[in-house]
Participant: 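First, the structure itself, so that you have it in front of you.
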Amino acid sequence: MSQAQIIDGKLYAERVRAGVAEEVARLRQEHALQPGLAVIVVGDDPASQVYVKSKGEQSLAVGMHSVTHRLPGDAQLDELLLLIAGLNEDARVHGILLQLPLPDHLDTRAALAAIHPDKDVDGLHVVNAGRLASGEPALTPCTPLGCMIMLRETLGDLSGKTAVVVGRSVLVGRPVAQLLLQADCTVTIAHSRTRDLPAVCRQADILVAAVGRPQMIRGDWIKPGATVIDVGINRVPFDNPEKAAAGKTKLVGDVAFKEAREVAGAITPVPGGVGLMTVACLLQNTVTAAKRQHGLG
Ligand code: NDP
């Protein structure tokens, strides 16, 4: 059998960004509306700093208003809540993103709950989770949105397909399952207590892996011709003993890519797949939020 088609995250992310840039230009010209994104980062976690920088740069590149607020690692919850309250009122800001994880002493739930649901471009507020579960228009978490764009680009109509989502987190598993249901798939959500996970996965026309366990899903768990979306981002030592001894690491997904590629019809690589879609979808959510706040969509 021939090898699976590679679903190219770079290509689709570029398309999303180009669409966002076009829409931002139109909103600025026709409605004097410049969508704005505020990113809040607490502490100096190096990975968070990299993500935040990239979000700021990409927002500016598509013509948005972009602002980053940095609080020290020992900031208290009331300070963070005050900042969020100010941004909720700020007319130039249509989307607020709180970079996670927060330092341990801060209550993540309380902070997320303080963001106005209409500005919650990460889609993590319970109001947006509830809207999504009820099938109402919601701001939806960015990574699941990215998964759906890739699936639609690859498969077209998803109606009637059997989808298995491995993982039930609030950030990925649950919202992606809701979106697949909205797309008229027959959806199974698997998790750490699922019995005979390989057999469950083998049912899937669409298999979404969001587990956080390197290469857990093997080639013989995949139905021939299935479309595999690998959300996992795991840092592991190199196979090469010299590189491993030097402490070098590489990124792998939750799916054993080489094996899976022999069986699947299409598959996202890691890196180069879903990960690239997440920030692009954040920009798209900010435009959606701005339009809704101004009665334009
Ligand atoms: P979580 O740790 O929050 O959730 C993992 C889920 O996997 C849980 O529901 C858990 O089940 C399930 N699980 C764990 N072990 C097993 C197992 N052995 N068999 C079956 N299910 C299992 O992770 P996230 O959802 O936040 O992230 C998942 C992966 O996606 C990570 O690698 C993360 O880095 C990556 N990620 C990538 C993003 C991107 O931009 N591409 C964005 C966000 C995440 P249970 O609920 O029973 O514990």
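We number each residue from 1, following the sequence as shown.
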Participant: Considering residues at least two apart in sequence or located in another chain, which fulfil the side chain to side chain donor-acceptor pair (under 3.5 Å) criterion with Arg235?
Facilitator: Thr249
Participant: Without swapping roles, check the side chain of Asp122 against the backbone of Pro141 for a donor-acceptor pair under 3.5 Å.
Facilitator: no
Participant: Taking His105 for the side chain and Ala75 for the main chain, is one N or O donor matched with an acceptor at less than 3.5 Å?
Facilitator: yes
Participant: For a quick test of reading the model, state the closest non-hydrogen atom pair linking Val263 to Gly219 and the distance between them.
Facilitator: CG2-O, 3.6 Å
Participant: Do the side chain of Glu242 and the main chain of Asn240 share a donor and acceptor less than 3.5 angstrom apart?
Facilitator: no
Participant: Could you check whether any side-chain N or O of Thr194 sits under 3.5 Å from a backbone N or O of Leu197, counting only pairs where one atom can act as donor and the other as acceptor?
Facilitator: no
Participant: Is there any ring pair (Phe, Tyr, Trp, His ring centres under 6.0 Å) pair reaching into residues 78-100, and which pairs are they, with sequence neighbours excluded?
Facilitator: His94-His294
Participant: Taking the side chain as everything from C-beta on, heavy atoms only, tell me whether Thr143 gets closer than 4.5 Å to Val274.
Facilitator: yes
Participant: So, using salt bridge (Lys or Arg N to Asp or Glu O under 4.0 Å) as the criterion, who are the partners of Glu153 when residues are at least two apart?
Facilitator: Arg15
Participant: Say whether, by atom type as modelled, one donor and one acceptor occur between the side chain of Arg218 and the main chain of Gln215 under 3.5 angstrom.
Facilitator: yes
Participant: So does Val50 get a backbone contact from the side chain of Ser54, meaning a donor-acceptor N/O pair under 3.5 Å?
Facilitator: no
Participant: Would you call Asp239 and Lys250 a salt bridge, using N to O less than 4.0 angstrom?
Facilitator: yes
Participant: Among residues at least two apart in sequence or on other chains, which ones pass side-chain contact (heavy atoms from CB on, under 4.5 Å) with Ser134?
Facilitator: Glu136
Participant: List in chain and number order the residues that pass side chain to side chain donor-acceptor pair (under 3.5 Å) with Arg17, two or more places apart in sequence or in another chain; answer none if no residue qualifies.
Facilitator: Gln58
Participant: Report the residues that fulfil side chain to side chain donor-acceptor pair (under 3.5 Å) with Glu23, sequence neighbours left out, ordered by chain and then residue number.
Facilitator: Arg26, Lys291
Participant: Sequence neighbours excluded, which residues qualify as side chain to side chain donor-acceptor pair (under 3.5 Å) partners of Arg28?
Facilitator: none
Participant: What residues form a side-chain contact (heavy atoms from CB on, under 4.5 Å) with Val127, not counting sequence neighbours?
Facilitator: Pro117, His125, Arg131
Participant: So among Val164, Val187, Val176, which one has a side chain to side chain contact (heavy atoms under 4.5 Å, CB included) with Val208?
Facilitator: Val176
Participant: Which residues pass the salt bridge (Lys or Arg N to Asp or Glu O under 4.0 Å) test with Asp90, sequence neighbours left out?
Facilitator: Arg92
Participant: What's the shortest heavy-atom distance between Ala38 and Val93, and which atoms?
Facilitator: CB-CG1, 3.8 Å
Participant: Could you work out, with side-chain contact (heavy atoms from CB on, under 4.5 Å) as the rule, every residue matching Lys161, not counting sequence neighbours?
Facilitator: Leu155, Cys185, Asp205, Ile206
Participant: Answer whether the closest heavy-atom distance between the side chains of Leu87 and His69 falls below 4.5 Å.
Facilitator: yes
Participant: Would you say the side-chain atoms of Asp254 pair up with the backbone N or O of Met216, donor to acceptor, closer than 3.5 Å?
Facilitator: no
Participant: Does a donor on one side chain sit under 3.5 Å from an acceptor on the other, for Gln293 and Lys119?
Facilitator: no
Participant: Checking Asn128 side chain against Leu139 main chain: does a donor-acceptor pair fall under 3.5 Å?
Facilitator: yes
Participant: Linking Ile, Leu, Val, Met, Phe, Trp and Tyr through side-chain heavy atoms less than 4.5 Å apart, which residues share a cluster with Val39?
Facilitator: Leu37, Val41, Val52, Leu97, Val121, Leu282
Participant: Could you tell me which residues satisfy salt bridge (Lys or Arg N to Asp or Glu O under 4.0 Å) with Lys248, sequence neighbours excluded, listed by chain and number?
Facilitator: none
